[in-house]
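Before any comments, here is the structure.
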Amino acid sequence: MVIGESLPKILFDCLPIIKLKPGEMDRFLHEKIYVCPVYKTSARRGTLSTTGHSTNYVLSIELPSDKPQKHWINRGVACLCQLDD
């Protein structure tokens, strides 16, 4: 029930369906998680909006992890709403 390493030579892998449930931030546990960015496509382009984020950026989700955030950031892990192929 945590994010894990992909299999060798697998660039993209499916994530299970995630149910977004609104709630107050201070009531959620923020331990052992990876704050994963979600993008519309894999394209590394898009104009910066007034929020400072790319127009390709959707939101960030917290994925349970047994490794520190830096581990996943160094690997460039992100969620995509749509693949290019």
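Predicted, not measured: the structure shown is a model, and the values here were computed from it.
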Legend entry - Atom pair SG (Cys81) and OH (Tyr39), whose distance is rounded to the nearest 0.5 Å: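 Separation between the atoms: 11.5 Å.
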Inset, instruction - Supply the atom-to-atom distance Thr55 OG1 to Lys40 NZ, rounded to the nearest 0.5 angstrom. - result: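 It comes to 6.0 Å.
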Linking Ile, Leu, Val, Met, Phe, Trp and Tyr by side-chain heavy atoms under 4.5 Å, what else ends up with [X]?
X     : result
Val35 : Ile33
Val38 : Ile3, Leu15, Ile18, Leu20, Tyr34, Val58, Leu59, Ile61, Leu63, Trp72, Ile73, Val77
Val2  : none

Legend entry - Pairs touching residues 55-66 that satisfy salt bridge (charged side-chain N to carboxylate O under 4.0 Å, His left out), sequence neighbours left out: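 Sorted result for residues 55-66: empty, none.
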Legend entry - Heavy-atom donor-acceptor pair, Asn56 side chain to Ala43 backbone, under 3.5 Å: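 Between the backbone of Ala43 and the side chain of Asn56 there is a qualifying donor-acceptor contact (under 3.5 Å).
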Legend entry - Within residues 13-25 or reaching into it, pairs that qualify as side-chain hydrogen bond (donor to acceptor under 3.5 Å, both in side chains) - sequence neighbours excluded: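 For residues 13-25, and leaving out neighbouring residues, there are no side-chain hydrogen bond (donor to acceptor under 3.5 Å, both in side chains) pairs at all.
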Inset, instruction - Give every residue pair that meets the side-chain hydrogen bond (donor to acceptor under 3.5 Å, both in side chains) criterion with at least one member in residues 2-12, sequence neighbours excluded. - result: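 Counting only pairs at least two positions apart or across chains, the side-chain hydrogen bond (donor to acceptor under 3.5 Å, both in side chains) contacts touching residues 2-12 are Glu5-His71, Glu5-Arg75.
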Inset, instruction - Please identify each residue that fulfils side-chain hydrogen bond (donor to acceptor under 3.5 Å, both in side chains) with Ser60, with sequence neighbours left out. - result: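 Partners of Ser60 under the side-chain hydrogen bond (donor to acceptor under 3.5 Å, both in side chains) test: Tyr57.
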Inset, instruction - Please check if Phe12 and Leu7 belong to a single hydrophobic cluster, counting links between Ile, Leu, Val, Met, Phe, Trp and Tyr side chain heavy atoms closer than 4.5 Å. - result: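 In one cluster with Phe12: Leu7, no.
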Inset, instruction - Using the test salt bridge (Lys or Arg N to Asp or Glu O under 4.0 Å), find all partners of Glu31 that sit at least two apart in sequence or belong to another chain. - result: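 Not a single residue meets the salt bridge (Lys or Arg N to Asp or Glu O under 4.0 Å) criterion with Glu31.
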Legend entry - Heavy-atom neighbours of Lys67 NZ exceed 12 at 6.0 Å: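 More than 12 within 6.0 Å, yes.
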